[in-house]
Amino acid sequence: MSVMDPRNNSCFFLSVLFLIFSFITHHTIAADTISGGQSLTGNRTIISKDGNFELGFFRPVWVANRDKPLLDPSSSELRLFGNGNLVLFNQSKTPIWSTKSASNTLNSTEAILGDDGNLVLRDRSNPSVVIWQSFDYPTNTWLPGGKLGLNKRTNEYQLLTSWRNEEDPAPGIFSLGLDSSETSEYFIKWNRSQQFWSSGRWNGHLFELVPEMRLNYIYNFSYITNVNESYFTYTVYNKSLISRFVMDFSGQIKQLSWSEDNQQWNLFWSQPKQQCDVYGICGAFGSCNQDTLKCECLQGFEKRSPKDWDLSDPTGGCVRKTRLQCGRNDVFSPMPNVKMPENPQPLAVGSTEECEVACANNCSCNAYAYGSSGCSLWSGDLLNPQKQSGGGQDLYLRLASSDVSVPEDKKTKKKSNTGSVVGAIVGVVAFLGLALVLIWRWRVRRSVGKSKTAEGTLVAFTYRDLQTATKNFSQKLGGGGFGSVFKGVLSDSTSIAVKKLEGLSQGEKQFRSEVSTIGKIQHVNLIRLRGFCSEGTKRLLVYDFMPKGSLDSHLFHQKDNEILDWKTRYQIALGTARGLAYLHEKCRDCIIHCDIKPENILLDAEFCPKVADFGLAKLVGREFSRVLTTMRGTRGYLAPEWISGIAITAKADVYSYGMMLFEIISGRRNSEHYSKDEIIRFFPTWAATKMNEGEEIISLVDNRLEGNVDIEELTRACRVACWCIQDDEAHRPTMGQVVQTLEGVLEVNLPPIPRSLHVLVENQDNVFFFSESSNRSSQAQNNTTSATSSQAKSRAPPHP
């Protein structure tokens with residue numbers, strides 16, 4: 001039995017069928033219930049009360065009979081017996097799965113499919129008696145209300161176990177479950193043994209290594225432990241939202257929400273964040289490329305099962321193309337810039353040569369490396385070597401000589417005189433050719449280093465140019481949603497910031513088109529794009545270097561003598577708004593940034609703000625008012641419509657800007673955790689409440705400013721921030737209106753407290769997340785120039 005993925009509108013596999021809960025309509029037998037003596041067969045189904053889930057035979061998400069697929073649904077049968085046992089029979093009428101819940105004490109039973117996706121067997125005469133329920137037996141999918149933990153009475157663990165691949169729901173090699181020592185910590189494990197991700201321990205509010213839980217829009221989490229059980233569970237604030245938590249066959253745990261508008265699952269959260277961080281994802285002798293985030297076989301190896309790789313399951317790894325003969329015709333091929341494989345065997349030798357000899361003399365040794373930590377050998381399978389564009393070590397892989405190009409002088413020492421003469425001539429020609437190439441590249445580099453974006457054009461840098469400018473990407477400035485940023489210096493001493501893009505799937509033509517569009521945008525409050533690099537899978541953007549760094553470093557990490565004064569903060573807020581207004585309203589295509597936060601606001605030497613990371617956001621033609629896009633951005637700044645899965649507008653940026661404006665005012669993150677008394681403070685809640693209660697708002701300002709603020713500007717900024725984070729995007733101002741308000745051109749009235757903040761305030765004693773609002777009938781008007789306030793009073797947490 002299983003939960004149907006709404007993406008799959010086909011009812012059956014070609015040759016394999018499973019019993020599932022689904023979102024597809026077939027022929028129902030009786031609403032949501034199977035009574036004793038009744039059965040399901042063929043295309044007959046039952047549907048939950050509100051139509052969210054359906055039970056029948058079709059393509060599954062959650063599967064009970066994972067290892068025993070059915071071949072013929074028309075002759076297979078799911079039958080509920082009067083004694084409370086639900087049994088699945090195959091086409092030969094052989095039972096292949098059952099709930100094993102038979103009891104002689106029951107008079108009658110029924111199976112009811114709840115609108116939460118839980119299939120429950122219960123006593124019809126006493127419905128409160130639950131005989132069996134599917135929530136106690138999760139497979140790869142965990143629905144709201146289900147449990148994941150340990151039944152201490154039976155000593156059974158409830159695990160999430162991945163599918164084998166995207167078409168085979170049989171148990172895969174990745175699983176998520178509670179630590180067997182009951183530390184309240186959850187682990188993802190490879191092959192049921194090797195743990196490679198941890199949630200950290202539950203501290204009463206959240207898991208220590210999952211800080212995103214502090215600002216969660218839609219989920220309420222709980223960890224329960226008592227004498228009978230220990231488990232983690234969650235619910236959804238908005239009951240109309242369909243959500244699921246999956247242990248994916250990629251080795252990542254994923255939180256997904258269903259979008260009815262575009263009929264697809266939206267990714268809300270996943271861990272590990274990078275595919276290459278999953279242990280053993282590429283199998284033996286496979287390597288995960290950090291640039292492409294895809295698995296590749298090492299040199300001299302080929303896919304063990306190409307069919308599995310085609311189904312997104314590379315965990316079977318790779319095998320040698322040519323069998324080794326232990327010392328005869330074996331060579332060691334260097335692999336530069338590699339993150340070393342798992343389980344190295346250290347060896348005390350004093351040189352690379354000795355390390356190589358030690359590996360060569362051991363027939364089971366497949367690779368060696370020699371570096372600052374000495375000599376390391378690898379016997380057996382190589383797991384998790386990762387190719388990196390910079391950093392790492394040289395790994396020497398043992399291969400058959402036929403699988404690698406070996407220099408001629410190592411193949412044989414016998415050379416004819418003619419060969420020597422020819423070799424000498426070739427060598428001289430090669431030397432001269434190399435000299436000419438080096439001179440040419442030096443001149444090109446000089447011209448590139450001195451070139452500027454004259455006449456609005458961009459410089460097309462080579463990858464080697466940028467390697468040289470950044471000293472092989474050695475000075476990392478930070479990282480963002482699309483990759484890491486490194487400092488560089490061109491040959492004319494111009495400082496630049498180089499961003500290495502990661503995880504992009506577009507082709508070179510699309511990439512160059514978007515870069516060209518962004519390169520033409522010039523505004524004092526937008527970071528200037530100098531050039532780009534596009535070579536194969538390598539995508540890099542080159543920007544002006546900002547000497548004052550990002551806004552977050554000045555708000556949250558600065559020393560006392562480097563505090564931003566109020567005038568500077570206000571100008572940063574205004575300049576940022578002007579930059580966003582230009583992107584939204586002045587460009588040929590509306591550009592939605594999708595990730596506004598202090599980390600993406602850079603400051604030049606005069607503290608003039610520059611909106612960064614907008615280069616590959618979302619271009620929206622003027623003929624469209626909305627755009628469908630995958631979820632992106634940063635938790636804590638995401639507008640509610642991202643979670644709902646509907647098409648977004650530029651108002652999503654307005655929401656994020658409002659959240660950031662609160663942080664500019666307070667000098668603190670909007671959500672703060674105090675471990676001493678386990679209090680969570682959410683600043684926008686407190687600020688909105690104080691404004692609506694008519695209290696002095698000077699206490700909202702960063703204490704380090706000691707009250708040195710312009711009260712009129714402070715009032716304006718606080719009201720704008722609260723208007724920007726209204727639940728309904730129609731009640732938020734445009735960025736153009738924000739600019740006019742901060743400039744004093746428009747008056748701004750007192751804003752209502754967003755419904756999401758109401759929920760938090762009213763439940764502040766035991767709730768530390770705020771939920772997505774489903775209330776679209778707020779008292780607010782459509783813009784800041786005509787709005788009024790009529791919200792109820794709420795208690796506010798103490799300000800530290």
Side-chain angles (χ1 to χ4, degrees), residues 1-48 51-103 106 108-114 117-122 131-141 143 161-172 311:
M1 286 166 292
S2 25
V3 178
M4 179 61 188
D5 186 339
R7 296 173 301 178
N8 300 319
N9 293 320
S10 60
C11 298
F12 306 102
F13 281 139
L14 293 178
S15 60
V16 183
L17 296 167
F18 306 87
L19 184 66
I20 69 146
F21 302 149
S22 85
F23 296 93
I24 300 176
T25 303
H26 292 71
H27 299 293
T28 60
I29 61 170
D32 57 359
T33 304
I34 302 176
S35 299
Q38 287 186 319
S39 63
L40 291 181
T41 187
N43 63 353
R44 305 182 76 190
T45 69
I46 61 173
I47 302 177
S48 65
N52 282 347
F53 294 88
E54 186 171 4
L55 177 69
F57 296 90
F58 22 62
R59 184 167 182 156
V61 170
W62 183 92
V63 185
N65 52 307
R66 302 180 76 175
D67 291 318
K68 298 178 180 179
L70 302 173
L71 301 178
D72 182 8
S74 62
S75 57
S76 300
E77 180 184 16
L78 176 69
R79 175 170 290 274
L80 176 61
F81 291 90
N83 62 2
N85 196 22
L86 187 66
V87 183
L88 178 63
F89 297 91
N90 65 12
Q91 64 277 2
S92 302
K93 303 307 175 185
T94 302
I96 62 169
W97 176 88
S98 80
T99 57
K100 300 178 182 178
S101 52
S103 173
L106 298 174
S108 61
T109 59
E110 62 181 4
I112 184 167
L113 179 59
N118 191 18
L119 180 66
V120 179
L121 302 187
R122 65 187 188 187
I131 305 167
W132 178 94
Q133 58 181 351
S134 61
F135 270 12
D136 290 338
Y137 301 91
T139 53
N140 76 316
T141 300
L143 294 173
T161 305
S162 66
W163 282 27
R164 186 168 294 166
N165 57 49
E166 61 185 18
E167 290 188 357
D168 186 354
L311 293 173

Open item on the list: Can you give me the closest heavy-atom contact between L143 and G117, atom names plus distance?
Closed with: CD1-CA, 3.9 Å

- [ ] List the atom of G114, the atom of S48, and the distance in Å for their closest heavy-atom pair.
- [x] O-CB, 3.4 Å

Task: From OG (S134) to CG (L55), nearest 0.5 Å - done: 9.0 Å

TODO: May I ask you to decide if S39's main-chain N or O and R79's side chain share a donor-acceptor pair within less than 3.5 Å?
DONE: no

Open item on the list: Please check: side-chain N/O of N90 versus main-chain N/O of T94, any donor-acceptor pairing under 3.5 Å?
Closed with: yes

Open item on the list: Can you confirm whether the side chains of S35 and E110 place a donor and an acceptor under 3.5 Å from each other?
Closed with: no

Open item on the list: As an exercise, state the distance from CZ of R44 to CD of E77, rounded to the nearest 0.5 Å.
Closed with: 10.0 Å

TODO: Look at the side chain of T33 and the backbone N and O of I112, then say whether any donor-acceptor pair between them is shorter than 3.5 Å.
DONE: no

Task: Heavy-atom side-chain contact between L119 and L86 under 4.5 Å - done: yes

TODO: Have a look at K68 and tell me which of I96, L88, V63 forms a side-chain contact (heavy atoms from CB on, under 4.5 Å) with it.
DONE: I96

Task: Gap between atom CG of L80 and atom CG of N85 - 0.5 Å precision - done: 8.5 Å

- [ ] Start with the C-alpha gap between V87 and L78, add the side-chain angles, then the distance that decides, and say whether side chain to side chain contact (heavy atoms under 4.5 Å, CB included) holds.
- [x] CA-CA 6 Å; V87 183; L78 176 69; over 6 Å; no

Task: Separation of T99 OG1 from D136 CG (nearest 0.5 Å) - done: 11.5 Å

TODO: Would you check if K100 and W132 make a side-chain contact, meaning some heavy-atom pair closer than 4.5 Å?
DONE: no

Open item on the list: Under a 3.5 Å threshold, yes or no: a donor from one side chain and an acceptor from the other, between T161 and N140?
Closed with: no

Open item on the list: Could you measure the distance from the CG atom of D67 to the CH2 atom of W97? Nearest 0.5 Å is fine.
Closed with: 14.0 Å

TODO: Using side chain to side chain contact (heavy atoms under 4.5 Å, CB included) as the criterion, list what pairs up with R164, not counting sequence neighbours.
DONE: D168, A170, D313

Open item on the list: What's the separation between atom OG in S76 and atom NZ in K93, rounded to the nearest 0.5 Å?
Closed with: 7.0 Å

Task: Taking every non-hydrogen atom, the tightest pair across L311 and E167 - done: CD2-CD, 3.7 Å

Open item on the list: With a 4.5 Å cut-off on side-chain heavy atoms, are T109 and F81 touching?
Closed with: no

Task: Least distance between heavy atoms, L70 atom then F89 atom - done: CD2-O, 4.4 Å

TODO: Heavy atoms only: give me the nearest S101-L121 pair and the separation to one decimal.
DONE: OG-CD1, 3.6 Å

